[in-house]
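Please read the structure below before turning to the comments.
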Amino acid sequence: MGTGVSLLACENEGCSSRPRLGDLPEDCVALVLSYLDPLEICKLARVNRAFRGASRADLVWEPKLPSNYCLVMEKVCKDFPEISGKKEIYARLCQPNPFDGGTKKAWLDKRTGGVCLSISSRGLAITGIDDRRYWNYIPTEESRFNTVAYVQQIWWLEVDGEVEFPFSAGTYSLFFRLQLGRASKRLGRRICNNEHVHGWDIKPVRFQLRTSDGQQATSQCFLDEPGRWIQYHAGDFVVDNSNVPTKIKFSMTQIDCTHTKGGLCVDSVLIYPREYRERLKHF
């Protein structure tokens with residue numbers, strides 16, 4: 001009763017002592033923001049000055065980073081010591097960061113903080129790549145590296161690669177990003193030349209991976225669906241210790257020399273957290 005009377009009196013006298021969002025301590029706001037995803041944090045940072053200041057706090061962004069983010073930064077960012085705030089580190093890691101001479105890129109998924117990796121065709125060991133009768137590098141806007149390897153015709157297909165990276169703990173999937181046919185644009189429209197596509201429906205292509213701690217995986221499938229990029233799943237591997245870099249070797253082969261095959265674009269090898277597999281099917 002007394003409380004109601006005092007509030008009424010306060011309103012009648014034009015009193016403005018009611019607490020507002022801007023009166024909340026930044027530490028309290030930061031604690032709440034730390035439970036939200038990055039998109040929600042950025043939206044709430046626009047509410048007022050207190051929320052904007054709280055959104056920069058390290059305790060907000062540290063949970064969004066992988067536990068071994070220092071090792072990841074040392075691998076992909078040469079200017080790491082100059083980046084101090086956790087928000088700045090998160091923003092930097094969410095960008096595609098090239099390393100190993102630009103043949104590889106690593107980044108964090110903005111929604112989950114999962115570590116993602118891509119290895120370009122120039123970062124792979126492709127048998128016969130220097131023989132221009134069979135292989136060529138062609139420019140394209142459809143690759144994050146702006147170049148893909150294209151084979152017109154060959155008897156023996158062998159593509160190998162390896163990468164050593166400080167992955168955070170979890171299960172990862174490895175994919176080869178391939179396309180049958182050579183895409184281009186004509187009058188602003190995408191077209192795909194399938195003239196040289198042949199031989200991939202006779203014997204399957206074999207994909208393999210093995211890790212430095214003894215894990216192995218193998219899969220095989222026929223290449224089909226000309227004209228679209230497909231992520232072919234090679235296998236999964238598990239990282240238990242995020243403080244030690246994991247070395248992965250992988251390959252794609254079709255070495256049956258009873259027939260030729262051709263018209264294949266090799267873009268890259270992708271490594272994503274396993275839960276992304278369904279998403280990549282529609283990428």
Side-chain angles (χ1 to χ4, degrees), residues 100-104 117-163 173-187 189-210 216-236 248-272 277 280-283:
D100 282 0
T103 60
K104 302 176 180 69
L117 202 68
S118 182
I119 301 101
S120 75
S121 57
R122 291 187 182 274
L124 303 174
I126 302 175
T127 300
I129 189 64
D130 296 325
D131 192 330
R132 294 295 175 260
R133 294 175 299 171
Y134 307 113
W135 286 93
N136 282 286
Y137 286 112
I138 58 175
T140 175
E141 297 177 356
E142 298 184 357
S143 168
R144 67 174 68 250
F145 297 96
N146 299 315
T147 303
V148 299
Y150 177 75
V151 59
Q152 181 169 309
Q153 180 171 289
I154 204 166
W155 290 89
W156 179 291
L157 175 74
E158 186 172 11
V159 179
D160 299 291
E162 63 179 61
V163 64
S173 296
L174 187 145
F175 305 85
F176 281 80
R177 187 171 187 256
L178 312 173
Q179 176 184 258
L180 293 178
R182 180 172 177 170
S184 61
K185 284 189 176 181
R186 181 178 298 172
L187 300 177
R189 297 183 60 186
R190 183 184 190 272
I191 60 173
C192 192
N193 184 347
N194 299 329
E195 177 185 0
H196 300 123
V197 176
H198 69 284
W200 304 108
D201 55 346
I202 300 175
K203 291 290 181 66
V205 172
R206 184 181 180 87
F207 303 98
Q208 292 181 293
L209 74 82
R210 61 184 184 275
Q216 298 185 44
T218 303
S219 66
Q220 60 181 25
C221 66
F222 292 96
L223 306 188
D224 53 15
E225 299 187 58
R228 60 185 293 259
W229 290 103
I230 297 177
Q231 283 64 236
Y232 291 92
H233 181 225
D236 297 342
I248 307 108
K249 293 186 177 182
F250 44 85
S251 65
M252 173 180 72
T253 56
Q254 214 289 23
I255 55 177
D256 185 336
C257 294
T258 61
H259 66 283
T260 63
K261 42 263 179 188
L264 175 69
C265 285
V266 178
D267 172 38
S268 58
V269 170
L270 303 171
I271 301 176
Y272 279 77
R277 192 185 303 177
L280 283 175
K281 288 181 180 179
H282 307 286
F283 179 69

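Applying the side-chain hydrogen bond (donor to acceptor under 3.5 Å, both in side chains) rule to Thr103 yields no partners; only residues at least two apart in sequence or on another chain are considered. Every residue meeting the side-chain hydrogen bond (donor to acceptor under 3.5 Å, both in side chains) condition with Asp131, not counting sequence neighbours, appears here in chain and number order: Arg133. Looking at residues two or more places apart in sequence or on another chain, you find no side-chain hydrogen bond (donor to acceptor under 3.5 Å, both in side chains) involving Gln153. The ring pair (Phe, Tyr, Trp, His ring centres under 6.0 Å) search around His233 returns Phe175, not counting sequence neighbours. By the salt bridge (charged side-chain N to carboxylate O under 4.0 Å, His left out) test, Lys203 is found to be paired with Asp256, residues two or more places apart in sequence or in another chain being considered. Applying the side-chain hydrogen bond (donor to acceptor under 3.5 Å, both in side chains) rule to Glu141 yields no partners; only residues at least two apart in sequence or on another chain are considered. With sequence neighbours excluded, the residues that form a side chain to side chain contact (heavy atoms under 4.5 Å, CB included) with Val205 are Trp200, Phe207, Leu223, Met252, Gln254. Every side chain to side chain contact (heavy atoms under 4.5 Å, CB included) that Ser143 has, sequence neighbours left out, goes to Thr140, Phe145, Val148, Asp267. For Asn193, the side chain to side chain contact (heavy atoms under 4.5 Å, CB included) partners at least two apart in sequence or on another chain are Glu195. With sequence neighbours excluded, no residue forms a salt bridge (charged side-chain N to carboxylate O under 4.0 Å, His left out) with Asp201. With sequence neighbours left out, Thr253 forms a side chain to side chain contact (heavy atoms under 4.5 Å, CB included) with Glu158, Arg206, Ile255. Every salt bridge (charged side-chain N to carboxylate O under 4.0 Å, His left out) that Lys104 has, sequence neighbours left out, goes to Asp100.
Using a 4.5 Å heavy-atom cutoff, the side chains of Asn194 and Leu180 are not in contact.
Around atom CZ of Arg132, more than 12 heavy atoms belonging to other residues, nucleotides or ligands sit under 6.0 Å away.
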